[in-house]
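Here's the structure we're looking at; comments come further down.
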Amino acid sequence: MKPIMEPKPQLRPVISWRMKIPWTPILFLTPAVIAFLLFKYYPLVQAIYMSFFDYKVIDPPGRFVGLSNYSYLFHSSEFWNALRNTFAFFLIYFILTFWVPIVQAILLNEIRFANKTIRVLYLLPTAVPAVAGFLLWKWLYNPDYGLLNYLLEFIGLGSFGWLNDPAMAKWAIVIPGIFGSGMSMLIYYSALQGIPSENIEAAKIDGAGPWKRMISIVFPSLKFVIGIQFIAFISGVFLTFDPMYIMTGGGPANSTRTLSMLVFDSSFKEFRFGVAGAISFVMFIIIAVITYIQIRVSRTD
Amino acid sequence: MRSNSWLGRRMFIAVVLVFVLVISACSSGGGNSPSTSNGGTTPRATNDKPDDTNKEPAGNSGEGSGPIVELTVWDAPKPEDPQKSLTEEVFSEFEKQNPNIKVTHELMPQGTNDREVFVTAMAGGNGPDAYHAAHFPIIGDWVGQGLALDLTSYWDSYADKDQFIESSLQAGTIDGKVYGFPNDMYVTGLLWNKKLFEAAGLDRNTPPANWDEVISFGKKLTNTDKKQYALTLLGMEWADWWFEYYVWQAGGDLTELQADGTVKLTFTDEPTVQALQYYKDLKWTHKIVQNNVLQSYQDNMNDLFQGRAAMTNGASGSFGEYAANGLDLNDLGFAPYPAGPSGKGPSQIGGAYWILNPKSSKEKQDAAWKYVTYMMSKEVREKYYQFQMDNGIFPNLLSVRKDVDPGQYTTNVPQDLIDGVTKAAAEARLEYYLKERLTPYVVKAVQQALTEEKSDVKVLLQKAQEAAQKEVIDAYNASVK
């Protein structure tokens with residue numbers, strides 16, 4: 001015989017769960033989620049799907065080729081060259097540009113005089129259309145009539161090939177990036193503003209010098225923002241296309257041809273949309289792996 | 001516990017959402033599969049089976065009765081086009097003659113370049129019913145992608161078909177089928193600034209006749225103090241375009257189309273090696289070209305316009321542009337290219353075709369054919385030439401139609417330019433076969449020769465050939481066999 005007061009544990013929690021569906025946030029979030037899925041994930045899934053076909057744009061999907069497009073990639077000198085160039089750009093961008101806004105923000109944080117004006121001045125160049133900026137730099141680099149060679153010749157440092165020199169072209173493409181970091185600087189500056197001034201003052205009283213304060217207080221406070229910025233930086237560099245396309249077209253001798261340029265060329269010059277899909281997927285994997293490592297390292301820290 | 005359970009539900013919902021997305025993505029791709037499109041509302045791509053679908057040439061969509069057929073064509077004149085008024089008159093005349101055909105003339109959408117915009121629009125099902133900028137080197141690839149309708153049955157029953165010059169049809173005829181209706185054509189040649197020749201002590205009317213004279217003339221025309229140089233080279237991502245002229249001058253080509261349809265690479269043949277060595281010597285040994293060898297085509301032309309370059313490549317259809325940029329055509333010379341070791345200097349024929357959209361309905365294709373034949377009719381072409389002559393606009397000196405003679409409308413063009421174009425057109429050829437696929441390999445070798453002084457051209461071309469053979473040619477030849 002069963003006890004009379006047998007509990008009915010199933011019913012109440014279900015009702016409770018149903019009652020707690022947060023409809024308002026769902027309502028507000030749904031359009032954004034749908035847009036995100038539609039414009040981010042759908043193209044990704046479509047690119048993966050395309051990569052298994054000799055894709056025909058007019059009568060998709062064309063002939064199923066299995067992993068042939070991937071096999072082609074791994075035997076293609078163009079792919080390996082573009083992959084090497086992409087990693088080289090990643091390193092050069094990291095060396096030349098990633099730290100710049102951090103330093104700018106730290107210095108700006110110490111300045112009280114005309115602080116707002118300087119912030120605006122840093123931010124203004126971000127309003128210049130990127131394409132116009134790259135064209136301007138292309139003219140500056142012109143070995144015959146460019147301003148840079150004119151100035152260098154004037155002070156006796158000779159002239160350089162800049163974008164014409166395969167050894168120099170990558171660096172020349174990245175150099176404009178040093179000056180275009182206003183938005184990142186502002187993000188770091190905001191993070192610095194969040195550090196309680198009491199901590200800094202206490203450190204000063206305890207005898208901590210500027211370097212010690214930087215290592216012990218400022219950097220730990222910025223670590224999270226730097227991590228987020230680094231993730232954005234990784235995908236930004238791997239997907240960058242405009243500067244190479246405008247300034248060198250991938251040359252000289254394919255020395256600035258990156259994976260993103262290879263995707264464009266494979267699609268619209270060679271009509272190998274399946275290969276373009278395969279390259280896109282490989283890029284996705286690379287970015288995902290590096291981002292994952294970065295997140296793991298951040299968590300460990 | 002409770003939060004974990006809530007998290008689990010959220011995870012479940014997220015997984016379901018992603019799954020639904022994947023399914024919808026896959027089904028969407030499948031929805032565009034040939035079986036669906038053939039059976040659905042979208043008309044079948046008629047170039048799959050041209051004999052079945054095109055048996056009836058131009059239909060009666062232009063006659064007075066029947067439903068109205070609406071066409072979209074990307075040929076609206078830009079606001080600044082000096083021929084806008086004539087073009088609008090020509091459009092309205094067509095609609096008057098064909099009351100059942102309504103043509104919407106649109107400007108081409110903006111994009112990175114015209115080819116990308118067209119292909120993207122076609123892929124999205126928004127392509128025009130007729131398109132007039134299928135360039136000679138690209139049409140083969142577009143046909144391969146199914147972007148152009150097989151026009152053979154239309155062409156065979158076209159009354160004026162014999163009025164088009166044969167070379168204008170060459171690139172648009174693939175495997176014996178006509179895919180392109182010639183729209184315009186140009187021939188390239190050596191373009192020089194007569195004033196700079198005179199200033200250098202050279203005869204203003206005599207261009208260099210061979211490679212040796214290019215160098216001897218070039219040394220006189222190069223003046224580093226004035227930042228003036230003799231000859232432009234094209235070293236950017238289209239570097240193979242101008243380089244192939246030098247290969248022709250040396251007696252070779254970059255590819256050979258075999259009788260069975262396969263392609264043989266000739267990058268390492270003696271004429272190609274000779275041409276690249278000469279190209280390299282112009283830059284590094286003789287120093288008579290621009291330092292910025294990677295500059296764009298437009299930058300090269302700007303150097304000519306601004307008197308910095310004495311010689312460049314010109315095209316018969318661009319004299320109007322040269323005049324518009326401040327050049328006096330009386331100070332401009334045009335002639336066939338200097339002869340290389342082969343004793344010849346062939347010019348290149350280029351141009352563009354009209355193509356029809358294979359996805360349009362049969363009625364639209366018939367109407368589009370009618371529109372294209374109207375736009376390329378003798379009457380309309382002559383109207384344009386007459387308008388250009390009356391308004392001081394420089395005409396294209398090469399017509400795709402035999403029965404339209406541009407020579408009758410050239411009162412404002414110096415006779416020696418007309419003679420130069422005629423001579424250049426006497427020996428002209430198409431760009432090398434499979435150019436669109438092979439460009440990256442050729443360009444890499446050319447750019448290395450132009451940017452690395454110690455490079456060995458034989459090694460560069462050998463490497464380019466090996467890579468192109470493995471990555472392009474082997475697969476291409478296997479597909480055509």
Side-chain angles (χ1 to χ4, degrees), chain A residues 13 17 20 33 37-38 41-46 48-50 53-54 56-62 68 72 75-79 81 138 141-146 149 159 161-167 169 245 247-255 257 262 264-265 267-273, chain B residues 5-6 9 17-18 21-22 24-26 28-30 32-34 37 45 48 112-113 115-116 119-120 122-123 141-142 144-147 227 229 235-239 290-296 299 303 308 358-359 436-437 439-441 443-445 447-448 450-452 467 470-472 475:
Chain A
W17 178 69
K20 285 186 180 174
V33 169
L37 292 175
L38 200 62
Y41 281 88
Y42 175 69
L44 174 67
V45 173
Q46 185 70 13
I48 298 168
Y49 176 70
M50 280 165 66
F53 292 87
D54 179 11
K56 300 287 179 201
V57 287
I58 201 82
D59 270 321
S68 290
Y72 165 80
H75 291 96
S76 160
S77 58
E78 290 300 309
F79 171 76
N81 175 60
K138 192 180 170 184
Y141 283 136
N142 188 306
D144 293 308
Y145 319 109
N149 272 359
S159 60
W162 299 111
L163 299 169
N164 277 255
D165 183 347
Y245 185 77
M247 292 166 92
T248 61
N254 290 349
S255 61
R257 204 174 187 211
L262 201 60
F264 181 81
D265 290 346
S267 310
F268 294 107
K269 286 187 179 170
E270 298 164 21
F271 298 101
R272 293 198 271 201
F273 290 90
Chain B
S5 145
W6 174 228
R9 284 189 194 105
L17 268 173
V18 171
L21 180 82
V22 171
S24 70
C26 294
S28 160
N32 286 334
S33 65
S37 64
D48 287 349
T112 313
N113 60 52
R115 297 172 188 192
E116 181 209 332
V119 173
T120 308
M122 290 295 285
D141 273 332
W142 282 6
Q145 282 293 322
L147 295 167
K227 301 258 181 198
Y229 62 94
M236 39 82 83
E237 65 264 33
W238 303 342
Q290 78 271 30
N291 284 324
N292 185 17
V293 286
L294 296 188
Q295 71 183 12
S296 69
D299 288 338
D303 280 357
R308 294 195 289 241
K359 287 288 185 185
E436 292 293 320
R437 301 270 181 93
T439 286
Y441 304 93
V443 168
K444 185 177 180 182
Q447 287 186 335
Q448 278 178 313
L450 292 177
T451 55
E452 294 169 17
K470 196 172 72 174
E471 294 162 21
V472 176

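Excluded from the calculations below are hydrogen atoms, water molecules and symmetry mates; all remaining heavy atoms, backbone and side chain alike, are included. In what follows, every chain begins at residue 1, and chains take the letters A, B, ... in the order their sequences are listed.
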- Item | Carboxylate-amine/guanidinium contact A:Lys269 B:Glu237, below 4.0 Å | no
- Query: What part of B:Val443 is in contact with chain A, defined as an atom under 4.5 angstrom from a non-hydrogen atom: side chain, backbone, both or neither?
  - Reply: neither
- Note on the structure: Interface check, chain B: of A:Gly250, A:Ala167, A:Pro252, A:Ser267, most non-hydrogen pairs under 4.5 Å belong to A:Pro252
- Query: Are the side chain of B:Gln145 and the backbone of A:Phe271 linked by a donor-acceptor contact shorter than 3.5 Å?
  - Reply: yes
- Note on the structure: Okay, A:Phe53 and chain B: the region with an atom under 4.5 Å from a heavy atom over there is neither
- With the threshold set at 4.0 Å, does a side-chain nitrogen-carboxylate oxygen contact exist between A:Asp265 and A:Arg257? yes
- Looking only at B:Asn292, B:Asn113, B:Val119, B:Thr451, most heavy-atom pairs under 4.5 Å shared with chain A are made by B:Asn292
- Check each atom of A:Tyr141 against the heavy atoms of chain B and say whether the ones under 4.5 Å are side chain, backbone, both or neither. neither
- Item | B:Met122, part contacting chain A, at a heavy-atom distance under 4.5 Å | both
- Examine the side chains of B:Asp303 and B:Gln295 and answer whether a donor and an acceptor come within less than 3.5 Å of each other. yes
- Query: Any Lys/Arg nitrogen of B:Lys359 or A:Asp59 sitting under 4.0 Å from an Asp/Glu carboxylate oxygen of the other?
  - Reply: yes
- Looking only at B:Gln448, B:Gln290, B:Lys227, B:Arg308, most heavy-atom pairs under 4.5 Å shared with chain A are made by B:Arg308
- Note on the structure: Highest number of heavy-atom pairs under 4.5 Å with chain A among B:Glu436, B:Gln447, B:Glu452, B:Arg437 belongs to B:Gln447
- Task: Counting only heavy atoms closer than 4.5 Å, note whether A:Thr248 contacts chain B via side chain, backbone, both or neither.
- Result: backbone
- Query: A:Asn254 side chain to B:Lys444 main-chain N or O, any donor-acceptor pair under 3.5 Å?
  - Reply: no
- Message: Using heavy-atom distances under 4.5 Å, tell me whether A:Tyr72 contacts chain B through its side chain, its backbone, both, or neither.
- Response: side chain
- For B:Leu294 against A:Asn164, the heavy-atom pair lying closest together: N-OD1, 3.3 Å
